[in-house]
Amino acid sequence: ILNASTDIKFVNTSMHGVGHMFVAKSFEGFGFKPFIPVEEQQHPDPEFPTVKFPNPEEAEFVMMLRREKDLAIRTADATGAIYVLAQDPDADRFSAAERRRGWTTFTGDQLGSLFAARILKQYKMSGKPLDKLSMVASTVSSKMIEAMAAAEGFKFTECLTGFKFIGNTALTLVEQGFEVPFGYEEAIGFMIGSEIRDKDGVAAAAYFAELVASLHREGKTASSYLQELYDQYGYFQTNNSYFICDDPVVIDRIFARLRNYEGRVSCPF
């Protein structure tokens, strides 16, 4: 009922992938009014005609700063939407942006912190003991959830990069008697709930929509709530990047150097 009554407008893009139908179903299941699709990117298309690179971790793929070239932001501007939601083509990753003075795209770590805080709040309301709650994040992700755990009294577990490690770590913790309702990696991958021990962009989209709907009923936004979390648990900043190399000769030289760093064999692979 509360979700159905929200006046927040959401734009969603599936980036020429498979997510549209499933996100639409999830919105219906959560009681939301239908979102506004980015029609040019709504249906699967292996040519990805409207995006430079079909990877949601690329800023130019999800919400480019050059707004005139970004269909999702243009759709939101035209319809008065406050939030843009996005999944990658196979719908296992999720990203979001919020209209403020301009548009702010949340990082994976920021979304992870927002999700963790809401899950913690819901867990507290359930009356369950906090010492049986655990959350998981990969070693390359922000340590903000670790700070939450230290302050609130639940268990934070760090693991190697990748959801095979995040999911298996969650399963191990469950065997030890913990409840693990959340795990994430900074590369916009989120494991929400206990049904699927893997990243799921559809579940993340629906959960984010419900989060911001509840925040707006309190007169808050996702950005203002994130600021509250910073004030409470400390400020955390990450700035991840990488280099792209498609020259086989250079690639071989790079890995040869890594395997024989400073003249000694340091890697068996």
Side-chain angles (χ1 to χ4, degrees), residues 14-15 17-19 21-23 25-26 29-30 54-58 61-62 85-96 106-124 126 128-150 152-211 229 236 238 240 242 269:
S14 299
M15 295 296 182
V18 300
M21 177 179 69
F22 300 103
V23 179
K25 276 289 188 182
S26 72
F30 274 62
N55 182 350
E57 298 170 53
E58 295 287 336
F61 179 60
V62 182
L85 316 177
Q87 304 83 45
D88 66 341
D90 62 351
D92 64 350
R93 297 182 190 270
F94 167 75
S95 185
F106 296 104
T107 67
D109 283 322
Q110 289 172 334
L111 289 170
S113 298
L114 288 168
F115 287 148
R118 175 173 170 78
I119 288 167
L120 173 62
K121 181 178 180 180
Q122 291 175 324
Y123 195 88
K124 283 182 172 180
S126 74
K128 297 176 183 178
L130 278 175
D131 61 359
K132 291 299 182 182
L133 171 66
S134 183
M135 299 189 198
V136 182
S138 66
T139 189
V140 297
S141 302
S142 170
K143 301 301 179 280
M144 187 163 179
I145 297 181
E146 184 177 20
M148 285 186 194
E152 300 288 349
F154 67 90
K155 181 179 179 63
F156 169 77
T157 303
E158 184 178 278
C159 65
L160 294 176
T161 303
F163 269 83
K164 65 179 179 181
F165 294 108
I166 293 172
N168 283 324
T169 298
L171 292 173
T172 299
L173 287 164
V174 169
E175 290 176 355
Q176 296 170 358
F178 291 95
E179 190 170 344
V180 190
F182 182 62
Y184 94 100
E185 189 160 84
E186 54 79 29
I188 57 176
F190 309 98
M191 179 185 72
I192 297 173
S194 59
E195 296 298 321
I196 301 173
R197 294 303 187 183
D198 200 354
K199 59 185 181 292
D200 182 355
V202 175
Y207 198 77
F208 180 83
E210 190 165 70
L211 166 63
L229 297 178
F236 293 79
T238 53
N240 299 333
Y242 53 87
F269 306 111

By side chain to side chain donor-acceptor pair (under 3.5 Å), Lys155 pairs with (sequence neighbours left out) none

List the steps, then state whether side chain to side chain contact (heavy atoms under 4.5 Å, CB included) holds for Phe156 with Met144. CA-CA 10 Å; Phe156 169 77; Met144 187 163 179; over 6 Å; no

Salt bridge (Lys or Arg N to Asp or Glu O under 4.0 Å) pairs touching residues 163-178, sequence neighbours excluded, are none

Residues 135-144 vs side-chain hydrogen bond (donor to acceptor under 3.5 Å, both in side chains), sequence neighbours excluded, gives Ser138-Ser141, Ser138-Glu185, Thr139-Glu158, Lys143-Glu158

Could you check if a side-chain atom of Asp198 sits within less than 4.5 angstrom of a side-chain atom of Asp92, using non-hydrogen atoms only?
-> no

By side-chain contact (heavy atoms from CB on, under 4.5 Å), Asp131 pairs with (sequence neighbours left out) Pro129

Query raised in the report: Is any side-chain heavy atom of Leu130 less than 4.5 Å from a side-chain heavy atom of Lys124?
Result: yes

Side-chain polar contacts of residues 199-211 - donor-acceptor pairs under 3.5 angstrom, sequence neighbours left out - could you list them?
| residue | atom | partner | partner atom | Å |
| --- | --- | --- | --- | --- |
| Asp200 | OD1 | Val202 | N | 3.0 |
| Asp200 | OD1 | Ala203 | N | 3.3 |
| Tyr207 | OH | Gln122 | OE1 | 2.7 |
| Glu210 | OE1 | Arg118 | NH2 | 3.4 |
| Glu210 | OE2 | Asn3 | ND2 | 2.8 |

Hits for salt bridge (Lys or Arg N to Asp or Glu O under 4.0 Å) against Lys25, two or more places apart or cross-chain, chain-then-number order -> none

Separation between CD1 (Ile119) and CG (Leu114), nearest 0.5 Å, reads 11.0 Å

Applying side chain to side chain donor-acceptor pair (under 3.5 Å) to Lys128 and not counting sequence neighbours gives Glu179

Any side-chain heavy atom of Phe182 sitting closer than 4.5 Å to one from Ile145?
-> yes

Separation between CD (Glu152) and OH (Tyr123), nearest 0.5 Å, reads 13.0 Å

Hits for side chain to side chain donor-acceptor pair (under 3.5 Å) against Asp109, two or more places apart or cross-chain, chain-then-number order -> Tyr184, Thr238

